[in-house]
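First the proteins, then the strands, lettered A, B, ... as listed; each starts at 1. Just so it is clear, the model here is predicted, and its values are computed rather than measured.
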There are 2 protein chains.
Amino acid sequence: MPTPHHVTTLTNPRSDRVKAVRALSRRSVRSRTGEFLAEGPQSVREAVSHRPDLVRDVYVTAEAAGRHPAIVQDAVERDLWVHEVTPEVLAAMVDSPAPQGIAAVCRTLDISLGSALRALSDRPTAALVCVLTHVRDPGNAGTVIRGADAAGADLVVVSDSSVDVYNAKVVRSTAGSLWHLPVCVGEPVPTILAALRSAGIRLLAADGAGETLLPDVDLVPPHAWVMGNEAWGLPADVREACDEVVRVPIYGRAESLNLAMAATVCLYASAQARHEAR
Amino acid sequence: MPTPHHVTTLTNPRSDRVKAVRALSRRSVRSRTGEFLAEGPQSVREAVSHRPDLVRDVYVTAEAAGRHPAIVQDAVERDLWVHEVTPEVLAAMVDSPAPQGIAAVCRTLDISLGSALRALSDRPTAALVCVLTHVRDPGNAGTVIRGADAAGADLVVVSDSSVDVYNAKVVRSTAGSLWHLPVCVGEPVPTILAALRSAGIRLLAADGAGETLLPDVDLVPPHAWVMGNEAWGLPADVREACDEVVRVPIYGRAESLNLAMAATVCLYASAQARHEAR
């Protein structure tokens, strides 16, 4: 096991520090402090390597440090605070039935939609944006963010009516993608759609009731996929505010695809079109 | 509420019949009896409308019959046994924290790989097959079967090393697709691959470590996607037994896609290629 640079072995699972970390499982506490907890080696590795500026403290058991020496090494080299903790302390910190021995308290990403769109307009390539509206299931939200990252999306926007992206299950389901691309949160859907439109980004609603089939859409110009709730899709006002309502063709007898699958198919169609256009 | 044709209101949650239905939550009982339980309106509706020959008994509460009159009507018209049950009886039958008031005992699909492949060879279109090997998570297995159905696959083959497709969570995750296309189960992976190869079906292993990129594969001729375990992918011997090891390109910084997403992207690429070739 490499020796962490800043070692303070924490042994008391009832300390104020442990309680403060555990309190981050509550949305109200995350909003107030601007912090959240990333659990498990994959999340911590990606946070440390991609956004060390957002990592406040890494907590690791001796056993997990032995299993993941590269993560600890990377954190130490970036001069982050790494604290060795007992398994009891780690279990008291995290809201998980199977703690994986390592967690990090991170600052929330806090990028405004305005600044994210200005950054996009400076890029030479056409924008690909993914908008989540009314998505309530943490696993679905995280999986869509992971899919957007894999498809090379430039930006993810999660509306105020969706699950909190700093929820532990969302963070885990993104498999580190939360630190790979800008994610804007907290704006209402109409504000998001208006801002994207002003930025010259075409709005494509993904909906099983859409009239336009996915293979018929030109996915080379800048565009945003607008995804709705897992059970009831997009509300009529959101569909109407978009430029086009697009459906993934069903070639067999299935009624529909689930949200994460439909999002992945749409985002990959965009990725493929952008890739071929280059 | 339409009046079911065969009405026997069941009120005793401790009856032998209720115990026999509940016992179907155990894999050993499903294997012995050749029966399994489909829960919820979506599963029951698809079973009744697509494979009434496999439905033994439908159980429904008065409340659920009122919410889903078309399902009850359809079952009655097909001369199936429909039993009204109290909510307590239904809760005692199903292995679900939130029973939805309707369930059906079905016979397992039991189609042999040989006969499924013979049926395929009689079709005019090139075969699209999806093979699941070592897939352990019920939600993933069901989602991939649903994706295969949506993409218009002709056949799903689930190896003996995978989760039981008649597990309640798999059945629920297929969203009815289990009754839409032939699903073969119980054969070991080498037998499956050899049978597909003899039938002239090209074997494409889907694996993040593949050398061939998905957009570079000719997906018009008959082929099978071979999908592996959600955590550790395909074992070396399975990859080597396939004609090509294909990876979905990652355009961003994500390490990988999860199993269901990768499967959906591959199956939809096949669907699109087959569709364009027609």
Return one line per donor-acceptor pair between chain B and chain A under 3.5 Å, naming both atoms and the distance rounded to 0.1 Å.
residue  : atom : partner  : partner atom : Å
B:Arg45  : NH2  : A:Glu255 : OE2          : 2.6
B:Arg146 : NE   : A:Ser256 : O            : 3.2
B:Arg146 : NH2  : A:Ser256 : OG           : 3.0
B:Asp149 : O    : A:Gly252 : N            : 3.3
B:Asp149 : OD1  : A:Arg253 : N            : 3.0
B:Asp149 : OD1  : A:Ala254 : N            : 3.3
B:Asp149 : OD2  : A:Ala254 : N            : 3.0
B:Ala150 : O    : A:Tyr251 : N            : 2.6
B:Ala150 : O    : A:Gly252 : N            : 3.2
B:His180 : O    : A:Arg253 : NH1          : 3.1
B:His180 : ND1  : A:Arg253 : O            : 3.4
B:Pro249 : O    : A:Tyr268 : OH           : 2.7
B:Tyr251 : N    : A:Ala150 : O            : 2.6
B:Tyr251 : OH   : A:Gln272 : OE1          : 2.8
B:Gly252 : N    : A:Asp149 : O            : 3.3
B:Gly252 : N    : A:Ala150 : O            : 3.2
B:Arg253 : N    : A:Asp149 : OD1          : 3.0
B:Arg253 : O    : A:His180 : ND1          : 3.4
B:Arg253 : NH1  : A:His180 : O            : 3.1
B:Ala254 : N    : A:Asp149 : OD1          : 3.3
B:Ala254 : N    : A:Asp149 : OD2          : 3.0
B:Glu255 : OE2  : A:Arg45  : NH2          : 2.6
B:Ser256 : O    : A:Arg146 : NE           : 3.2
B:Ser256 : OG   : A:Arg146 : NH2          : 3.0
B:Tyr268 : OH   : A:Pro249 : O            : 2.7
B:Gln272 : OE1  : A:Tyr251 : OH           : 2.8

### Query
By a 4.5 Å heavy-atom criterion (distance strictly below it), what part of B:Ala151 contacts chain A: side chain, backbone, both, or neither?
backbone
### Task
Check B:Leu257 against A:Gly147 and note the closest heavy-atom contact, atom names and distance.
CD2-CA, 4.3 Å
### Message
Quick check on the interface: out of B:Pro249, B:Ala153, B:Gly176, who has the most heavy-atom pairs with chain A under 4.5 Å?
### Response
B:Pro249
